Amino acid sequence: MSAPVMPATAPTEGGSSSSGGEEIAYVSYGGEQHLPLVMSLVDEELSEPYSIFTYRYFVYIWPQLTFLAFDAKDGKCVGTVVCKMGEHRGSFRGYIAMLVVLKPYRGRGIATELVTRSIRVMMESGCEEVTLEAEVTNKGALALYGRLGFIRAKRLYRYYLNGVDAFRLKLLFPRPQLGLHLMMVGDERDEQHMESPYL
């Protein structure tokens with residue numbers, strides 16, 4: 001399956017990048033002072049209501065998987081991504097729970113940068129895949145995740161409280177051991193001088 005597309009010039013942790021002519025600063029979740037910012041963005045932009053306990057579950061256990069984007073000009077928080085990771089049915093899986101970018105800031109690559117940062121941490125932590133749900137009507141989110149290599153694994157009917165269906169999206173990371181095994185098989189085949197076009 002496709003690996004995530006990592007920006008060639010992604011800013012370093014805590015760094016900034018230019019988005020649509022404006023400087024955007026990206027930071028990891030830094031503690032309780034960031035929680036109201038995350039809650040405000042999600043409550044304002046997403047259809048699902050979440051309790052403070054839900055937010056705390058994510059940001060206290062996996063703070064390294066929550067990122068925020070700030071307009072460097074005025075310090076306004078304009079985007080966030082909240083994720084988790086753990087064992088799931090025999091695999092170590094990452095999960096993107098919430099992704100929000102304020103409407104005036106959309107289309108500038110901010111969501112891509114937030115998601116890419118979280119995916120990078122998940123990959124470095126040993127996750128084998130990343131999943132999430134997105135409303136079937138959310139064309140922007142579906143396009144974003146499609147560009148990053150996610151596939152539509154399943155349709156979930158009336159998944160959201162508003163009655164809208166969801167797609168479960170999945171990103172599978174390449175398995176290094178499998179690649180190494182295939183190279184070894186290839187070497188053995190070469191040594192045996194096999195002629196079959198199927199090997």
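All values derive from a computational prediction rather than experimental measurement.
Atom CG of Leu99 sits about 11.0 Å away from atom CD1 of Ile110, to the nearest 0.5 Å. Taking OG1 of Thr80 as the reference point, atom OH of Tyr26 lies at 12.0 Å (rounded to 0.5 Å). In this structure, Thr131 OG1 and Leu169 CG are separated by 9.0 Å, a value rounded to the nearest 0.5 Å. Rounding to the nearest 0.5 Å places CG of Leu144 at 4.5 Å from OG1 of Thr112. Between the OG atom of Ser118 and the CE atom of Met85 there is a distance of 10.5 Å, given to the nearest 0.5 Å. Taking CD1 of Ile52 as the start and CG of Leu35 as the end, the distance is 5.5 Å to the nearest 0.5 Å.
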### Message
Assess the residue pair Arg158 and Val164 against the criterion (side-chain contact (heavy atoms from CB on, under 4.5 Å)); give the C-alpha distance rounded to whole Å, side-chain angles, the decisive distance to 0.1 Å, and a yes or no.
### Response
CA-CA 5 Å; Arg158 300 184 63 80; Val164 173; over 6 Å; no

### Query
For Phe58 and Cys83, what are the C-alpha separation, side-chain angles and deciding distance, and is it a side-chain contact (heavy atoms from CB on, under 4.5 Å)?
CA-CA 7 Å; Phe58 284 100; Cys83 310; over 6 Å; no

### Query
Should Thr66 and Val81 be marked as a side-chain contact (heavy atoms from CB on, under 4.5 Å) after you check the CA-CA gap, both sets of side-chain angles, and the distance that decides it?
CA-CA 6 Å; Thr66 295; Val81 64; over 6 Å; no

### Message
Determine whether Ile61 and Lys84 satisfy the following criterion, side-chain contact (heavy atoms from CB on, under 4.5 Å), listing intermediate values before the conclusion.
### Response
CA-CA 8 Å; Ile61 300 175; Lys84 71 173 186 170; over 6 Å; no

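No side-chain heavy atom of Val59 sits less than 4.5 Å from a side-chain heavy atom of His34. Side-chain contact between Tyr50 and Met98 is present, with at least one heavy-atom pair separated by less than 4.5 Å. Side-chain contact between Glu129 and Ser91 is present, with heavy atoms from C-beta onward closer than 4.5 Å. The side-chain heavy atoms of Phe70 and Val27, taken from C-beta on, include a pair separated by under 4.5 Å. Inter-residue side-chain proximity for Val38 and Phe67 is flagged as unmet; no heavy-atom pair is nearer than 4.5 Å. Contact of the Met123 side chain with the Val130 side chain is not registered, since no non-hydrogen atoms from C-beta on lie closer than 4.5 Å.
Nearest heavy atoms, Lys170 versus Leu172: CD-CD2, 3.8 Å. Closest heavy-atom contact between Ile96 and Leu132: O-CB, 3.4 Å. The two residues Leu41 and Val100 make their nearest non-hydrogen contact at O-CG1, 3.6 Å. Taking each heavy atom of Phe92 and Ser125 in turn, the nearest pair found is CE2-O, 3.5 Å. Closest heavy-atom contact between Met122 and Gly94: SD-CA, 3.6 Å. The minimum heavy-atom distance between Ala69 and Ile24, with the atom names listed, is CB-CG2, 3.8 Å.
At a cut-off of 3.5 Å, with distance as the only test, a side-chain donor of Tyr55 or Asp43 sits close to an acceptor on the other residue. Defined by atom type and a distance below 3.5 Å, a donor-acceptor pair is missing between the side-chain atoms of Gln64 and Ser28. In the model, Asp71 has a side-chain atom that pairs as donor or acceptor with a side-chain atom of Tyr105 under 3.5 Å. Glu133 and Tyr95 share a side-chain donor-acceptor pair at under 3.5 Å.
Note on Tyr159 and Leu161: separate hydrophobic clusters, where clusters join Ile, Leu, Val, Met, Phe, Trp and Tyr whose side-chain heavy atoms are under 4.5 Å apart, directly or indirectly. Under the 4.5 Å side-chain contact rule for hydrophobic residues, Tyr157 and Leu142 do not share a cluster.
Here the side chain of Arg93 pairs no donor or acceptor atom with the backbone of Arg89 at under 3.5 angstrom. Checking side-chain atoms of Asp165 against main-chain N and O of Val136 turns up no donor-acceptor pair under 3.5 Å.
With respect to Glu32 and Arg56, a salt bridge is recorded, a charged nitrogen being found less than 4.0 Å from a carboxylate O. Taking 4.0 Å as the cut-off between side-chain N and carboxylate O, Arg106 and Glu45 count as a salt-bridged pair. A salt bridge links Glu113 with Arg117: at least one charged nitrogen is closer than 4.0 Å to a carboxylate oxygen.
Separation of the Trp62 and Tyr29 ring centroids does not fall under the 6.0 Å cut-off.
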